[in-house]
Amino acid sequence: MEIENMAIESLDIDEVATEIIIEEVSKGHKLLHRHKLTKKQIHIGRDYHNDIILSDPHICPSHACLTFVNGQWQITDHQTVNGTFVENPKQKKQDANQHIVQDGDIISLGKSQLRILFSDHKVAPTVAFSPFESFIDLMRHPVALFLSLTLFTFIAGGIFYLNKPIEVNFSQLLVPAIGMALGFALWPAAVSLVSHLTKHDARIMAQLGVCFAFFNFMWLSDVLESITSFNSASNSVLPLFALLISVALAFSLFWLNAYIGFHMTAKRRIIIAASITTLLFGGSYVVSYSNKPEFNPRPQYDATIMMPSFLIASSSSVDEFIEDTSKLFEQANKKALEK
């Protein structure tokens, strides 16, 4: 009985020792597929008799094999056309033939890559849901997405109506408003397409929901900028703060686009969002500044008229204005007489 138990324990230990996890990964080491095997010899190639079948045309039908020898896994390259390589810590490739596999090794075959893990490989700590995930889940809901799209379309129609010099009916506003909504939808669609082509999750609904929510926030920031300009002098810095809000919203949108669609480090996500924001606002400023002549004989004035209800501070009456003006003239005359 003891001999049988020892044999069973030895068999269990041997099975655990030969357990190996092989992950198919992209060039950026993103997981594509995962295989867990308990065989002592694992064949890799394009042929259908292999344990790991890869469709890469640069891989031979019987490309390589992993063999469990003396408690270690060893790679054997079958004299292939393009070879088998292992990445070292300096991201350089070296010949993998007869290489003793270490936990976490990246093996390159043709244009494909395999990551070798052992069963005792430590996994990363569990990541808690961030507040952004709750916001993304809310915005990707069909009802929230429909409301965001509808609000955006109505705002666009209202802007078209205000900019029309002649009276127009509802149908004449609906077509350009829907066209504008479709035009703005090209950005989240393009991000989702790039995400899909780079082997990431497209998440088109999440991209659309977040983008149109931020587009509506940007409409609101434009209104805030107009009200700020209406209530401040021409040399006031308040409109600059309103502009910074628009920049912050654009940066947040691009950051969320990268967060939703791509697996990347936080630092790279910030760099990409900052670069696109700089290109967007800096490029528009350069274009507008380059087209501005040194002297414009026909300057354009902002003749936007807003209702008095948009004034933060109540305006003075005519009598108060005349009285304040008279006081200013009196003060100016006194200073002139003193000189």
Side-chain angles (χ1 to χ4, degrees), residues 15-69 71-127 191-204 206-207 258-266 268-269 272:
E15 287 181 354
V16 171
T18 56
E19 278 188 348
I20 190 170
I21 296 92
I22 301 177
E23 297 180 340
E24 297 177 44
V25 296
S26 65
K27 291 293 183 181
H29 296 173
K30 178 186 178 291
L31 177 64
L32 302 177
H33 301 286
R34 179 180 285 131
H35 311 271
K36 186 175 182 180
L37 302 167
T38 56
K39 300 176 67 175
K40 289 189 175 182
Q41 191 170 57
I42 299 167
H43 297 275
I44 303 168
R46 280 191 298 113
D47 209 342
Y48 295 114
H49 75 271
N50 291 289
D51 301 297
I52 304 295
I53 304 171
L54 302 173
S55 59
D56 186 348
H58 303 283
I59 292 176
C60 292
S62 279
H63 195 98
C65 70
L66 287 166
T67 308
F68 190 71
V69 180
Q72 294 178 317
W73 286 97
Q74 187 179 59
I75 302 175
T76 302
D77 179 80
H78 296 157
Q79 298 181 351
T80 55
V81 175
N82 296 308
T84 305
F85 303 93
V86 60
E87 290 186 4
N88 59 26
K90 294 183 179 180
Q91 298 290 321
K92 293 183 179 180
K93 293 182 179 180
Q94 61 186 31
D95 188 11
N97 189 38
Q98 303 303 314
H99 171 75
I100 302 300
V101 176
Q102 304 297 322
D103 185 37
D105 276 353
I106 303 292
I107 310 300
S108 296
L109 312 89
K111 290 188 176 181
S112 302
Q113 289 188 324
L114 301 176
R115 179 165 51 208
I116 312 299
L117 302 174
F118 299 154
S119 58
D120 58 351
H121 182 83
K122 291 184 179 180
V123 298
T126 304
V127 179
V191 174
S192 298
L193 178 61
V194 173
S195 178
H196 175 72
L197 293 176
T198 53
K199 307 300 184 181
H200 294 84
D201 296 328
R203 301 183 69 181
I204 180 66
Q207 294 285 6
Y259 179 85
I260 294 169
F262 305 95
H263 298 281
M264 59 179 65
T265 62
R268 174 181 261 185
R269 197 180 302 126
I272 291 175

Inset, instruction - Please indicate whether Gln98 has more than 12 foreign heavy atoms, meaning atoms of other residues, nucleotides or ligands, lying under 6.0 Å from its CD. - result: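 Buried by this count: over 12 neighbours within 6.0 Å.
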Inset, instruction - Give a yes or no on whether Lys27 atom NZ has more than 12 heavy-atom contacts from other residues, nucleotides or ligands under 6.0 Å away. - result: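 Enclosed: over 12 neighbouring heavy atoms sit under 6.0 Å from NZ of Lys27.
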For the student: nearest non-hydrogen atoms of [X] and [Y], plus distance:
| X | Y | value |
| --- | --- | --- |
| Ser195 | Phe262 | CA-CE2, 3.6 Å |
| Glu19 | Ser119 | OE1-CB, 3.5 Å |
| Asp95 | Val86 | O-CG1, 4.4 Å |
| Glu87 | Ser108 | OE2-OG, 4.2 Å |
| Val81 | Cys60 | N-SG, 3.5 Å |
| Ser192 | Gln207 | OG-CG, 3.4 Å |

With rounding to the nearest 0.5 Å, note down the distance linking [atom1] in [X] to [atom2] in [Y].
| X | Y | atom1 | atom2 | answer |
| --- | --- | --- | --- | --- |
| Ile44 | Cys65 | CD1 | SG | 8.0 Å |
| Arg46 | Ile53 | CZ | CD1 | 11.5 Å |
| Leu193 | Thr198 | CG | OG1 | 9.0 Å |
| Leu66 | Gln72 | CG | CD | 13.0 Å |
| Ser112 | Ile52 | OG | CD1 | 12.0 Å |

Would you check if the side chain of [X] reaches a backbone N or O of [Y] as a donor-acceptor pair within less than 3.5 Å?
| X | Y | result |
| --- | --- | --- |
| Asp56 | His58 | yes |
| His121 | Phe118 | no |
| Asp77 | Thr80 | yes |
| Asn50 | Pro61 | yes |
| His196 | Val191 | no |
| Asp51 | His43 | yes |
| Arg203 | Gly261 | no |
| Thr84 | Leu109 | no |

Inset, instruction - Not counting sequence neighbours, which residues clear side chain to side chain donor-acceptor pair (under 3.5 Å) with Thr76? List them please. - result: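 Result, side chain to side chain donor-acceptor pair (under 3.5 Å) vs Thr76: none returned.
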Inset, instruction - Check ring-ring contact (aromatic ring centres under 6.0 Å, His included) between His263 and all other residues, then give those that pass, not counting sequence neighbours. - result: His200
Inset, instruction - Check whether any side-chain heavy atom of Ile22 sits under 4.5 Å from a side-chain heavy atom of Ile116, and report yes or no. - result: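 Heavy-atom side-chain distance check passes, below 4.5 Å.
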Inset, instruction - Would you mind reporting whether Glu24 and Leu114 have side-chain heavy atoms less than 4.5 Å apart? - result: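 Of all side-chain heavy-atom pairs linking Glu24 with Leu114, at least one is under 4.5 Å.
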Inset, instruction - Using the salt bridge (Lys or Arg N to Asp or Glu O under 4.0 Å) rule, collect all pairs that involve residues 98-118, keeping only residues at least two apart or in two chains. - result: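 Qualifying pairs, neighbours excluded: Glu23-Arg115.
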Inset, instruction - Evaluate side-chain contact (heavy atoms from CB on, under 4.5 Å) for Trp73 paired with Ile20, printing each intermediate quantity in order. - result: CA-CA 9 Å; Trp73 286 97; Ile20 190 170; 3.9 Å; yes
